[in-house]
2 protein chains.
Amino acid sequence: MTETDQTTQPRRSGLTPGAPAPLYQQLSDLLRERIKSGIYGPLDRLPSEHELAREHSISRITARQALGELERNGLVFRLQGRGSFVARPTVVQGLAQLTGFAEAMSAQGLEAVSRVLRLGPTRAATDVAERLRVPPGTPLFEIRRVRLVNDSPVSFDHSYFPADLGRRLAREDLVRRDVFWLLENVCGVRLGAADHQIGAVAAEEDIALQLGVPAGAPLLLIDRLSYDVTGMPIDYEHLYVRSDRVRYGLRLERPR
Amino acid sequence: MTETDQTTQPRRSGLTPGAPAPLYQQLSDLLRERIKSGIYGPLDRLPSEHELAREHSISRITARQALGELERNGLVFRLQGRGSFVARPTVVQGLAQLTGFAEAMSAQGLEAVSRVLRLGPTRAATDVAERLRVPPGTPLFEIRRVRLVNDSPVSFDHSYFPADLGRRLAREDLVRRDVFWLLENVCGVRLGAADHQIGAVAAEEDIALQLGVPAGAPLLLIDRLSYDVTGMPIDYEHLYVRSDRVRYGLRLERPR
DNA sequence: TAGTGGTCTAGACCACTGT
DNA sequence: CAGTGGTCTAGACCACTAT
């Protein structure tokens with residue numbers, strides 16, 4: 001039995017055991033809050049794992065798990081034998097994460113919409129087939145869109161999906177919704193990761209026209225292959241991005 | 001000596017308790033090996049945490065820690081109530097990691113060298129000062145290099161360092177050694193992460209000349225600000241990359 | 001119901017850091 | 001030396017999945 005009776009419950013200093021969020025997450029949220037609000041400033045030493053455990057009446061391992069979370073997010077660094085410290089604030093907090101376009105824009109308070117240029121079945125060319133790991137000629141579903149922020153074009157997307165997924169997507173609101181969002185919330189796909197290959201190219205005429213730049217203007221070309229959690233390829237895209245309008249930011253961690 | 005003693009020691013099936021590497025790492029290495037060699041194939045279920053614990057005479061938490069490692073590296077995915085499974089192999093295994101240029105090239109069996117164009121003290125212009133978080137006009141150290149692979153140019157790097165670090169670097173072998181490598185192994189810096197902003201630009205004449213491309217050719221422009229583990233800015237760089245010669249690849253994870 | 005991963009506890013020993 | 005984080009144990013209950 002666990003402490004079924006209430007009166008003897010030790011204080012948790014705000015952490016509640018039965019809550020929807022696990023204890024280690026509650027603690028890491030609490031600490032994150034205190035760091036962001038300046039209660040713990042840059043380079044300050046945080047309470048030790050033992051202290052956190054005592055103070056919140058949790059086990060040391062749980063406190064440790066909370067600190068581990070913050071360390072992975074780059075808010076905290078730990079030195080053996082010395083303690084855990086608040087990292088100096090950096091431009092982009094947190095690891096590089098896979099996000100959809102509208103998702104990333106709305107996180108910055110901007111609204112993104114799409115103009116759908118083409119949407120329908122196609123067959124896998126050899127390069128696409130190779131990336132999606134299907135035989136050449138396999139029926140696929142293709143979507144071509146121009147992404148707009150504040151009514152002005154920022155990128156041209158050419159996406160390929162497995163035929164069934166594509167047909168499902170075609171029925172949804174591709175103008176306002178992220179494909180990633182639709183995949184996860186409508187199609188029941190559990191997205192895992194995506195491999196990117198990034199380069200720079202001169203704009204071809206048709207794409208230049210869609211993006212409102214002169215032919216030959218430099219564009220960011222991102223080849224993105226997304227997988228679900230099992231590693232199954234789900235979505236292969238070419239993104240041509242006007243980098244004068246959008247900056248691609250990411251944070252890489254040095255392996256420990 | 002392995003098998004230090006002995007009679008009362010429970011079997012560890014190859015895992016040695018006193019070894020330099022911790023048990024959870026030994027186990028995760030062992031599993032990684034079995035996945036790579038195909039003993040556990042794509043989508044196979046791995047032994048449960050309990051089984052691994054029993055089999056190797058370790059605690060369940062330690063087995064769990066090993067699986068967590070593999071999950072973060074994208075080799076394994078876990079489903080509550082079902083088990084842990086081998087992910088399908090993907091192009092780039094592992095999270096996006098911060099690596100130096102030579103480091104990344106040599107991982108692919110290529111040799112990278114640098115031609116140093118300029119190396120010496122300078123003062124922080126406003127944009128550089130802002131990124132490195134020093135007052136404008138602060139003395140810095142500047143290095144301009146062309147990176148070569150197989151004797152042909154692939155990128156032009158313009159780097160700024162704190163003055164003392166830069167002077168230290170200037171005495172070292174910048175032709176063959178990565179700056180990251182020197183920072184870590186000679187200067188005693190513990191690198192943490194780096195923020196990148198990626199765009200595409202048309203090559204200016206002087207850079208075009210150095211890279212052997214026509215003026216106006218599209219180049220990848222990477223603005224990279226590297227920090228040490230404490231979050232202190234260490235190195236601010238502009239990288240102009242011939243993306244016809246090098247592809248920037250990275251893997252982003254969907255947040256859990 | 002049985003088995004899985006997710007969370008949590010209350011200890012323990014170690015290596016490393018400061019004094 | 002005392003305090004810190006790093007590793008490890010032997011349990012426990014929970015939520016979820018399959019049968």
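Here is the naming used below: chain letters follow the sequence lines, and residue numbers restart at 1 for every chain.
- At least one side-chain nitrogen or oxygen of B:Arg45 sits closer than 4.0 Å to the OP1 or OP2 atom of C:dT4.
- Atom CD1 of residue A:Ile143 and atom CG of residue A:Leu174 lie 5.0 Å apart, to the nearest 0.5 angstrom.
- Between A:Arg82 and D:dG5, a side-chain N or O to OP1/OP2 separation shorter than 4.0 Å is absent.
- Residue A:Arg64 places no side-chain N or O under 4.0 Å from the OP1 or OP2 atom of D:dG5.
- Between D:dC16, D:dG6, D:dT4, one nucleotide has an atom nearer to the side chain of A:Glu51 than all others, and that is D:dT4.
- Taking side-chain N and O atoms only, A:Ser84 has a distance below 4.0 Å to OP1 or OP2 of D:dG5.
- Under the 3.5 Å distance criterion, with hydrogens and angles disregarded, no donor-acceptor pair is assigned to the side chains of B:Arg45 and B:Ser84.
- Close to C:dT9, at under 4.0 Å from its OP1 or OP2, lies no side-chain N or O of A:Arg60.
- Comparing D:dT4, C:dA15, D:dT9 against the side chain of A:Ser48 picks out D:dT4 as the nearest.
- A:Gln65 has its CD atom 16 Å from the P atom of C:dG5, to the nearest Å.
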Please step through salt bridge (Lys or Arg N to Asp or Glu O under 4.0 Å) for the pair B:Glu49 and B:Arg78, ending with a clear verdict.
-> CA-CA 11 Å; B:Glu49 298 175 351; B:Arg78 301 197 266 188; 3.2 Å; yes
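- Base contact: B:Ile61 has a heavy atom under 4.0 Å from a base atom.
- Side-chain N/O atoms of A:Asp235 and A:Tyr227 include no donor and acceptor closer than 3.5 Å.
- D:dG5 atom C1' lies 9 Å from atom NE2 of A:His50, rounded to whole Å.
- Of the inter-residue distances, the one linking A:Arg60 atom CZ with A:His50 atom NE2 reads 5.0 Å to the nearest 0.5 angstrom.
- Checking A:Gly83 against B:Ser59, the closest nucleotide of DNA chain D that is more toward the 5' end is the one next to A:Gly83.
- In this structure, CZ of A:Phe77 is placed 16 Å from P of D:dT4, rounded to the nearest angstrom.
- One can place CG of A:Leu23 at 14 Å from P of D:dC14, the figure rounded to the nearest angstrom.
- The separation between A:Gln25 atom CD and C:dG6 atom C1' is 12 Å, rounded to whole Å.
- In terms of phosphate contacts, A:Tyr24 brings a side-chain nitrogen or oxygen within less than 4.0 Å of OP1 or OP2 of C:dT7.
- Taking side-chain N and O atoms only, B:Thr62 has a distance below 4.0 Å to OP1 or OP2 of D:dT9.
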